[in-house]
Amino acid sequence: MIEIDAIDRRILRVLQTDARISNAELARRCNLSPAACFERVKRLREKNVITGYAAMIDPAQVGRDLLIFVEVLLDRTTGDVFDGFAEAVRTQPEVLECHMVAGGFDYLIKARVADMDAYRAFLGDVLVRMPGVRETRTYAVLEEVKSTTVLPL
């Protein structure tokens, strides 16, 4: 972890809400000269504090209306099974996030699909055939109460 001061935090807060902002406008909002602002952003990128920029897309507008969470329990908790499962899950475009967790199951998956039929196909044709999968539990999201990519700084 690198040293992040109050100015860096201000820059990061602004960039999290508007990554397309010009350097001149970012510098103005952060009370910096454009050159100093550019150098700080460059350093934050080089130190991997800023890891990338992305367009936020409305899932409904591109046919990915249904958000699903899936608990995955593996048949064995060994390194080769973990590695095989992780490698398989990384290749699936429906999977937005996959986290190894502690507790009553091994992984928590967040996926986006068109509808319940598409999820049923994903579950039967892909997910349960991944290495080591013994059991799954599915939770379909009825309402997204909060969804953000903004980290509190």
Side-chain angles (χ1 to χ4, degrees), residues 1-72 74 79 82-103 105-123 125-127 129-131 133 136-153:
M1 188 165 89
I2 70 164
E3 185 70 30
I4 303 290
D5 64 15
I7 296 169
D8 290 336
R9 289 181 190 283
R10 195 173 329 134
I11 289 169
L12 293 170
R13 278 194 294 273
V14 172
L15 286 176
Q16 283 189 106
T17 59
D18 184 4
R20 295 186 65 194
I21 192 170
S22 70
N23 183 64
E25 179 61 17
L26 179 60
R28 187 189 69 73
R29 287 196 201 173
C30 295
N31 298 319
L32 294 170
S33 72
C37 184
F38 179 83
E39 287 303 316
R40 281 181 174 263
V41 171
K42 180 181 172 187
R43 180 180 58 82
L44 291 167
R45 281 196 316 261
E46 287 171 351
K47 297 296 184 179
N48 291 320
V49 175
I50 298 172
T51 60
Y53 301 90
M56 303 304 292
I57 298 169
D58 180 350
Q61 298 294 328
V62 294
R64 296 291 177 155
D65 294 28
L66 185 59
L67 179 59
I68 299 284
F69 288 90
V70 185
E71 295 176 357
V72 177
L74 301 179
F82 288 145
D83 293 344
F85 179 81
E87 185 177 325
V89 88
R90 285 186 191 104
T91 67
Q92 299 308 310
E94 298 88 351
V95 176
L96 303 178
E97 298 177 22
C98 179
H99 306 273
M100 180 188 279
V101 296
F105 53 95
D106 299 305
Y107 288 92
L108 180 63
I109 290 177
K110 177 181 177 181
R112 276 259 181 214
V113 293
D115 53 28
M116 198 53 83
D117 288 338
Y119 177 67
R120 173 63 184 98
F122 172 71
L123 179 64
D125 297 339
V126 177
L127 190 57
R129 295 181 183 187
M130 287 184 180
V133 173
T136 65
R137 287 191 187 90
T138 299
Y139 303 91
V141 174
L142 301 176
E143 176 185 0
E144 284 186 71
V145 176
K146 180 178 180 180
S147 178
T148 186
T149 60
V150 177
L151 293 174
L153 298 173

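The two residues Ala140 and Leu66 have their closest heavy-atom pair at CB-CD1, 4.4 Å. Heavy atoms only, all atoms of each residue included: Leu74 and Pro131 are closest at CD2-O, 4.1 Å. For Leu153 against Arg9, the heavy-atom pair with the smallest separation is CD1-O, 4.1 Å. Nearest heavy atoms, Glu87 versus Thr91: O-CG2, 3.5 Å. The two residues Phe85 and Cys98 make their nearest non-hydrogen contact at CE2-SG, 3.9 Å. In terms of heavy-atom proximity, Val101 sits nearest to Leu108 at CG1-CB, 4.3 Å.
Of the charged side-chain nitrogens involved, none lies within less than 4.0 Å of a carboxylate oxygen, so that Lys47 and Asp8 do not count as a salt-bridged pair. Remark: Arg45 does not engage Glu39 in a salt bridge, criterion side-chain N to carboxylate O under 4.0 Å.
Distance alone, capped at 3.5 Å, is enough to place a donor-acceptor pair between the Arg112 side chain and the Arg64 backbone. Between the Glu94 side chain and the Phe122 main chain, no donor and acceptor come within less than 3.5 Å of each other.
You'll find the side chain of Phe82 reaches within 4.5 Å of the side chain of Met100, heavy atoms only. Looking only at side-chain heavy atoms (C-beta outward), Val70 and Ile68 come within less than 4.5 Å of each other. Between Tyr119 and Thr138, the closest side-chain pair of non-hydrogen atoms falls below 4.5 Å. The shortest distance between side-chain heavy atoms of Met130 and Gln92 falls below 4.5 Å.
Here CG of Leu67 is found 11.0 Å from CG of Asp65. Values are rounded to the nearest 0.5 Å. Atom-to-atom distance recorded for Ile7:CD1 and Cys30:SG is 8.5 Å, nearest 0.5 angstrom. Taken from CG in Asn48 to CE in Met1, the straight-line distance is 14.5 Å, to the nearest 0.5 Å. Between Ile11 atom CD1 and Leu26 atom CG the span is 5.5 Å, to the nearest 0.5 Å. The distance from atom CD1 of Ile4 to atom CG of Leu44, rounded to the nearest 0.5 Å, is 5.5 Å. Rounded to the nearest 0.5 angstrom, Leu123 CG and Thr136 OG1 are separated by 5.0 Å.
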(Q) Is there a side-chain contact (heavy atoms from CB on, under 4.5 Å) between Val72 and Val89? Walk through the geometry before answering. (A) CA-CA 11 Å; Val72 177; Val89 88; over 6 Å; no
Q: List the steps, then state whether side chain to side chain donor-acceptor pair (under 3.5 Å) holds for Tyr139 with Glu71.
A: CA-CA 8 Å; Tyr139 303 91; Glu71 295 176 357; 3.1 Å; yes
Q | Evaluation steps, side-chain contact (heavy atoms from CB on, under 4.5 Å), between Phe69 and Ile109 | A | CA-CA 6 Å; Phe69 288 90; Ile109 290 177; over 6 Å; no
(Q) Between Thr149 and Met56, does the side-chain contact (heavy atoms from CB on, under 4.5 Å) criterion hold? Intermediate values first, please. (A) CA-CA 9 Å; Thr149 60; Met56 303 304 292; 3.6 Å; yes
(Q) Apply side-chain contact (heavy atoms from CB on, under 4.5 Å) to residues Thr148 and Lys146 and explain how you reach the verdict. (A) CA-CA 7 Å; Thr148 186; Lys146 180 178 180 180; 3.8 Å; yes
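Partner of Asp5 under the salt bridge (Lys or Arg N to Asp or Glu O under 4.0 Å) criterion, chosen from Arg40, Arg43, Arg10: Arg40.
A side-chain hydrogen bond (donor to acceptor under 3.5 Å, both in side chains) check over residues 17-29, counting only residues at least two apart or in different chains, returns the pairs Glu25-Arg28, Glu25-Arg29.
Other residues, nucleotides and ligands contribute at most 12 non-hydrogen atoms within 6.0 Å of the CZ atom of Phe38. More than 12 heavy atoms of other residues, nucleotides or ligands lie within 6.0 Å of CD1 in Ile2, so this atom counts as buried by the packing criterion.
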